[in-house]
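Take a look at the structure set out below.
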Amino acid sequence: MLKIYYKICADTIFKSQNTNNGDWKFVSITFLSGFLSLILISLTIIITKIIPEHTYFSIYPENYTMKSLDIKLESIVVYFIPSVIINYFLIIYNKKHEKLLVMYKPQNGSYMIRFMIFSLVFFLVTVFIM
């Protein structure tokens, strides 16, 4: 599973390096983290439907009335920041991206687009079916 994700990462890094000259690390991490966050949200929805009792994925207490800013802050803290940390250690830390570009041949964005479509479809299916 990690090998597939590394192929996606190598493809995204290659495409981002060709498109965004100096800012490719930020763009790659943000792109991968955003779509990984959608997968994490989908998995959270599935887990709460399978085990409805005693599963509470929030940084606020259960009886807290959330406002719009609270919902946005919670989604960033619970889903996006862990995705950024995971991607940083899988890709950037110890210059792993250089090894990934040598090990896995980039496919000119095809893996990146497949990952994007899979993440969106998986999210939409879990939202509308679950």
Side-chain angles (χ1 to χ4, degrees):
M1 196 69 158
L2 196 56
K3 186 176 180 181
I4 295 170
Y5 194 69
Y6 279 151
K7 287 181 182 180
I8 294 167
C9 293
D11 196 33
T12 304
I13 290 168
F14 179 75
K15 190 71 171 174
S16 183
Q17 282 179 342
N18 291 338
T19 307
N20 308 312
N21 294 331
D23 218 13
W24 66 268
K25 287 182 184 178
F26 175 75
V27 172
S28 298
I29 291 291
T30 306
F31 175 82
L32 290 167
S33 298
F35 287 104
L36 186 60
S37 297
L38 284 178
I39 293 173
L40 290 176
I41 292 170
S42 301
L43 292 175
T44 303
I45 292 170
I46 291 170
I47 289 171
T48 55
K49 294 297 180 179
I50 293 173
I51 310 168
E53 295 180 23
H54 309 296
T55 53
Y56 188 68
F57 297 98
S58 180
I59 58 174
Y60 299 108
E62 285 187 55
N63 56 359
Y64 180 75
T65 305
M66 294 178 65
K67 297 179 180 45
S68 177
L69 182 61
D70 296 334
I71 293 170
K72 293 171 187 161
L73 177 68
E74 181 183 37
S75 64
I76 288 171
V77 169
V78 172
Y79 299 110
F80 189 71
I81 291 177
S83 299
V84 170
I85 292 169
I86 289 169
N87 281 320
Y88 173 77
F89 282 109
L90 286 178
I91 301 168
I92 305 296
Y93 187 70
N94 285 337
K95 297 186 179 185
K96 181 85 174 194
H97 59 276
E98 294 172 358
K99 298 172 191 169
L100 290 176
L101 289 174
V102 171
M103 285 175 56
Y104 302 106
K105 182 182 172 194
Q107 298 296 320
N108 199 21
S110 67
Y111 286 140
M112 180 180 72
I113 291 174
R114 288 178 192 166
F115 179 63
M116 184 175 68
I117 291 171
F118 171 77
S119 301
L120 289 172
V121 168
F122 186 57
F123 175 72
L124 292 174
V125 165
T126 56
V127 166
F128 290 117
I129 293 182
M130 294 288 195

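The model shown is predicted, which means the values in this text are computed figures rather than measured ones.
At least one donor-acceptor pair under 3.5 Å links the side chain of T48 to the backbone N or O of I45. The main-chain N or O of F123 is found under 3.5 Å from a side-chain atom of T126 such that the two form a donor-acceptor pair.
A single hydrophobic cluster is not seen to contain both V27 and I92; linkage of ILVMFWY side chains at heavy-atom distances under 4.5 Å, directly or through other members, places them apart. Residues I41 and I85 fall within the same hydrophobic cluster, defined by Ile, Leu, Val, Met, Phe, Trp and Tyr side chains chained together at heavy-atom separations under 4.5 Å. There is no path of hydrophobic side-chain contacts, each under 4.5 Å, that joins F35 to V125. Clustering ILVMFWY residues whenever any of their side-chain heavy atoms sit less than 4.5 angstrom apart, transitively, puts I129 in a cluster other than the one holding L38.
Note that the CD1 atom of I86 and the CD1 atom of I91 stand 10.5 Å from one another [nearest 0.5 Å]. Distance SG/C9 to CZ/F31: 10.5 Å, rounded to 0.5 Å. In this structure, CG in D23 is found 9.5 Å from OG in S28, a value given to the nearest 0.5 Å. From S37, atom OG reaches atom CG of L32 across 10.5 Å, with rounding to the nearest 0.5 Å. Rounded to the nearest 0.5 Å, atoms CG (L43) and CD1 (I46) are 5.5 Å apart.
Residues W24 and I13 form a side-chain contact, since some pair of their non-hydrogen atoms from C-beta on lies under 4.5 Å apart. At a threshold of 4.5 Å between non-hydrogen side-chain atoms, the residues L2 and L90 count as touching. Side-chain contact between S83 and L40 is present, with heavy atoms from C-beta onward closer than 4.5 Å. Between N87 and Y5 the shortest side-chain heavy-atom distance falls below 4.5 Å. Contact of the F80 side chain with the S33 side chain is registered, since non-hydrogen atoms from C-beta on lie closer than 4.5 Å.
What you find for Y88 and I29 is that their closest heavy atoms are N-CD1, 4.0 Å.
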Quiz: residues 99-121 side-chain donor-acceptor pairs under 3.5 angstrom, not counting sequence neighbours:
from, atom 1, to, atom 2, distance (Å)
Q107, NE2, K105, O, 3.3
S110, OG, Q107, O, 3.4
S119, OG, F115, O, 2.8

